[in-house]
Amino acid sequence: MRLSTLFGKTLRQPPAEAEIASHRLILRAALARPLAAGVYSYLPLGWRVIRKIEAIMRDEMDKIGGQEIHMPVLNPAELWKETGRYFAIGPELIRFEDRAERDFVLAMTHEEVVTDLARRELRSYRQLPFMVYQIQTKIRDEARPRGGLIRMREFLMKDGYSFHEDQKGLDEYYPLIHQAYKNIYSRCGLQVLDVEADTGMMGGTGSHEFILLSESGEDTVVICRNCGYAANVEAAKALKSDRVGQHAPPEAMKPVEEASTPGVKTIQQLTEFFSLPAQDFLKSVFYSAGGDLVAVVIRGDLDVNEAKLARALQSADFRFATDVEIAKAGGVPGFASPIGLKNVRVVLDDSVDADAFIAGANKPDTHLRNVHYPRDFKADIVADVALAQAGQTCCACGHEIELSRGVELGHIFKLGYKYSEAMGAKFLSPEGKEVIVIMGCYGIGVDRLLAAIIEQNHDDKGIIWPRSVAPFQVHLVALGVEDAEVAGVAEKLYLDLQARGCEVLYDDRAETTGVKFNDADLIGLPLRATVSRRTLDKGSIEIKPRTSQDFTLVKLDEAVEHIAGECL
RNA sequence: CGGGGUGUAGCGCAGUUGGUUAGCGCGCAUGGUUUGGGACCAUGAGGUCCCCAGUUCGAGUCUGGGCACCCCGACCA
């Protein structure tokens, strides 16, 4: 490709809206251009990278028996009603009617379509197992797109779906997917963290996320530097420290007594008022779940993890209760607890021991001392619903855990029977019995991966492409194109390299040295080859890797083979 | 969806208490001088000042409403 005719100009200054490194470089290097919030067009350079990434994904999927298919983005709403997601998912699912007033949606993922395909095709266990995948546009009307290609409303995803006879088959296949994903990242030059993830309402039996550690990430992961345990904070198990200090133990229980606490509402205020650590108080957080009031009771030093709460409640359909709803059940916001309340489901975090706590009295300006569980209140559910915190210790080895921000690059899931059951995807077993097929789903964002590669591979001059995904391998620079010999040699090199199978971006423009070298650094191809009067006087051209400050002179007649050796 | 910010030429920005023909740098076009790290000179093209309504003799500037984009948070199969 000649730079003089390449569609898309590099920018000296990035548009003011770009804040994170990959976003700025994607715009400056002319990889993509915005059309609307979270919607981008790819220019030739960016699209070549996308195609390289896709090729790696296809290769890894094919290696583990994946078969590429292609499913529509335009979906009849009927399918989504069958699984209930038409009603369960919020406005991020775009819904509309066609001209005949039939309900349609734009697919944000393809479990419904693929399960529908499966139930139509699948008859016998002899057809199992299989895994199909596609690289397809996904539409999600995200509340807040951000970070350029990090979070988009229209994006590309490689999504795969596996179908097995039984859990055992899925369990045996899952590690192959897991390894294929790791291969994809490493082949793209990325170091990603592989973490245990929340299976959420999917009801699955296993799930991993692949996280790029980055300050601009929107997920929080828990990491143990000692044993390597890593998990999304939504799923993370951590050992809650035991309470320290003096507490009335269960065998020495004193009667509950009221304490006047005028205006003291928050845990922070309580610790100051009583001069006691936060762990000696009971925090009660009220939720409204499907019309019921739920009180989540947790130690004062901990916060509620709503993903874990969803699992405990077996429903994600809840929100913070309003003060009115709390008052209706007899609670007094700021001084509330489950003690003495009726018609409230109580979820107790397993951090709450049998020793004495101070809790709300459901009476204005009043708390209660010597509250003991289970003497003074009962729990409907006891579970771990606490958010992991820095400073807690690893559930596997006891070492102190760290929290880190990250970007979710991929998510693999043992789906189980949720979709196949809802949609009746069944097959006949060897015994002639109808059996529901078990599914897995495996997603990885293509655009986001491109952004991640840049996040992890750039310097202050520009992108540093890993060879595997670089839009071209060689940036051929002709300095002083008015010099007929320079132009002639560069031109010949360009043609010869292409004939030899190298991907060459040829800067044939009549620009000054600084402009050309700065563009080469910005675009970031692995190898730069320079032809100038100065190199020709030595019968040579100059070769410089993007990653190095040093260059080497190579004789003209060896140039093609030398470069080919570096980039093929 | 809550909070904050920004909308003036392709990009980055300035524009005074409301006042004539809306500027600057970069980029772009033409000509010339240059040519190993974003060169220089000259000439030139390019604007619904986000939109609508209002106040005013007069609005980029003031008022009201709307829209778009960015950031933080909530949300996120």
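Order of the sequence lines sets the chain letters (A, B, ...), proteins ahead of strands, with each chain counted from 1. Below, all heavy atoms of this structure are taken into account, side chains as well, without hydrogens, waters or symmetry copies.
- A distance below 6.0 Å separates the ring centres of His208(A) and Tyr174(A).
- Residue contacts for Glu234(A): at a heavy-atom cut-off of 4.0 Å it reaches no nucleic acid atom on any strand shown.
- One P atom belongs to G23(B), the other to U48(B), and the distance between them is 15 Å to the nearest Å.
- With respect to Arg546(A) and Asp459(A), a salt bridge is recorded, a charged nitrogen being found less than 4.0 Å from a carboxylate O.
- The closest side-chain heavy-atom distance from Glu111(A) to Thr83(A) is not below 4.5 Å.
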In sequence, state the C-alpha distance, the side-chain angles, and the governing distance for Glu455(A) and Ser22(A), and then conclude on side chain to side chain donor-acceptor pair (under 3.5 Å). CA-CA 5 Å; Glu455(A) 284 293 324; Ser22(A) 63; 2.7 Å; yes
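- OP1 and OP2 of C26(B) both lie 4.0 Å or more from every side-chain N or O belonging to Arg12(A).
- Taking the centre of each ring, Tyr42(A) and Trp47(A) come in below the 6.0 Å mark.
- The side chain of Gln13(A) lies closest to C11(B) when the candidates are C1(B), G36(B), C11(B).
- Between the side chain of Arg28(A) and the base of G27(B), no donor-acceptor pair of N or O atoms lies under 3.5 Å.
- Separating the CE atom of Met152(A) from the P atom of C70(B) is a distance of 13 Å, rounded to the nearest angstrom.
- Checking the phosphate oxygens (OP1, OP2) of C71(B), a side-chain nitrogen or oxygen of Arg144(A) falls inside 4.0 Å.
- When the P atom is compared between C49(B) and G7(B), the two are found 15 Å apart, to the nearest whole Å.
- When the nucleotides A74(B), G12(B), G38(B) are ranked by their closest atom to the side chain of Val515(A), G38(B) comes out on top.
- Distance check on atom P: U17(B) versus U34(B) gives 49 Å, rounded to whole Å.
- Nearer to the 5' terminus of RNA chain B, by closest-nucleotide assignment, is the contact made by Glu542(A) (compared with the other of Met157(A) and Glu542(A)).
- Across all strands shown, Arg33(A) has no heavy atoms under 4.0 Å from either base or sugar-phosphate atoms.
- Between Thr512(A) and A39(B), a side-chain N or O to OP1/OP2 separation shorter than 4.0 Å is present.
- Nucleic acid contact for Pro14(A): sugar-phosphate only, since backbone atoms but no base atoms lie under 4.0 Å from a heavy atom of the residue.
- Residue contacts shown for Arg146(A) include a base, since a base heavy atom lies under 4.0 Å away.
- When distances run from any side-chain atom of Ala16(A) to the nucleotides G73(B), C13(B), C71(B), the shortest one goes to C13(B).
- A gap of 11 Å separates the C1' atoms of A9(B) and A22(B), to the nearest Å.
- Using P as the reference atom, G3(B) and G65(B) are 14 Å apart when rounded to the nearest Å.
- In this structure, Gly148(A) reaches neither bases nor backbone, as no heavy-atom distance under 4.0 Å exists between it and the strands shown.
- Only the C1' atoms considered, U6(B) is 14 Å distant from G12(B), to the nearest whole Å.
- Nucleotides of RNA chain B nearest to Asp519(A) and Gly443(A) differ in position, and the one nearer the 5' end is that of Asp519(A).
- Geometrically, Arg95(A) engages Tyr86(A) in a cation-pi contact, judged by NZ or CZ lying under 6.0 Å from the ring centre and within 45° of the ring axis.
- Candidate nucleotides C1(B), G37(B), G38(B) were compared by shortest atom distance to the side chain of Lys461(A), and G37(B) ranks first.
- G44(B) and G27(B) have their C1' atoms separated by 14 Å, given to the nearest Å.
- Listed pair Lys9(A) / C28(B) meets the phosphate criterion, a side-chain N or O lying under 4.0 Å from OP1 or OP2.
- Aromatic rings of Tyr133(A) and Tyr161(A) (six-membered ring for Trp) have centroids beyond the 6.0 Å cut-off, not under it.
- The separation of A68(B) from U56(B), taken at their P atoms, amounts to 31 Å, rounded to a whole angstrom.
- Across G12(B), A77(B), G36(B), the shortest atom-to-atom separation from the side chain of Thr109(A) is found for A77(B).
- Contact annotation for Leu11(A): no contact, since no heavy-atom pair falls under 4.0 Å across all strands.
- Backbone-only engagement by Glu17(A) is indicated by non-hydrogen atom pairs under 4.0 Å involving sugar-phosphate atoms exclusively.
- Listed nucleotides: G12(B), C28(B), G36(B). Nearest to the side chain of Glu511(A): C28(B).
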